[in-house]
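What follows is a single structure, written as structure tokens, with notes after it.
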Amino acid sequence: MNTTKPIPVFRKSELTLEEILQDVADTFKITPEDIKSKCKTTDYVALRKIYCYVSKAVVRRYSLMRIGALVGYKEHSAVLHQVRTATDY
């Protein structure tokens with residue numbers, strides 16, 4: 001008898017920005033506050049880039065301003081740049 005629990009499947013439209021941020025943080029074993037910090041080290045910038053990419057390119061439900069507001073970006077163009085350059089990693 002298989003007692004393992006199935007992995008939950010989410011429809012893309014069901015994910016909230018906070019859930020995406022938490023998932024990215026959990027994956028890399030840090031806190032969401034670390035991603036939201038103003039720290040400009042390569043690691044944290046890369047994590048913010050992953051968050052922006054997943055939020056916009058995968059979920060496609062939220063505006064650039066709303067995505068950026070959660071991690072402290074003041075302009076939509078900052079999120080757009082993160083999404084476009086996310087494939088660099």
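Counting from 1, the numbers follow the sequence of the chain as shown.
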Open item on the list: Nearest 0.5 angstrom please: Ile20 CD1 to Ile67 CD1, how far?
Closed with: 7.5 Å
Open item on the list: Nearest 0.5 angstrom please: Leu17 CG to Tyr62 OH, how far?
Closed with: 5.0 Å
Open item on the list: Holding to side chain to side chain donor-acceptor pair (under 3.5 Å), I want the full list of residues that pass it with Asp34, two or more places apart in sequence or in another chain.
Closed with: Thr31
TODO: For residues Arg60 and Lys56, report the shortest heavy-atom separation together with the two atoms involved.
DONE: CG-O, 3.1 Å
Task: Donor-acceptor under 3.5 Å (Arg48 side chain, Gly68 main chain) - done: no
- [ ] Determine whether Val71 and Leu21 make a side-chain contact, defined as any pair of heavy atoms from C-beta on separated by less than 4.5 Å.
- [x] yes
TODO: Could you tell me the separation between the CD atom of Gln22 and the CG atom of Leu15, rounded to the nearest 0.5 Å?
DONE: 12.5 Å
- [ ] Would you please test Phe28 and Ile50 for side chain to side chain contact (heavy atoms under 4.5 Å, CB included) and show each step?
- [x] CA-CA 11 Å; Phe28 293 96; Ile50 292 168; 3.9 Å; yes
Task: Point-to-point distance, once rounded to the nearest 0.5 Å, from CD of Glu18 to CG of Leu70 - done: 5.5 Å
Task: Verify same cluster id: Ile35, Val58 (apolar side-chain graph, 4.5 Å) - done: yes
Open item on the list: How close do Ala25 and Pro32 get, counting heavy atoms only, and between which atoms?
Closed with: CB-N, 3.7 Å
Listing, residues 75-84 side-chain donor-acceptor contacts under 3.5 Å, not counting sequence neighbours, or none:
from	atom 1	to	atom 2	distance (Å)
Gln82	NE2	Tyr73	OH	2.7

- [ ] Not counting sequence neighbours, which residues clear side chain to side chain donor-acceptor pair (under 3.5 Å) with Tyr53? List them please.
- [x] none
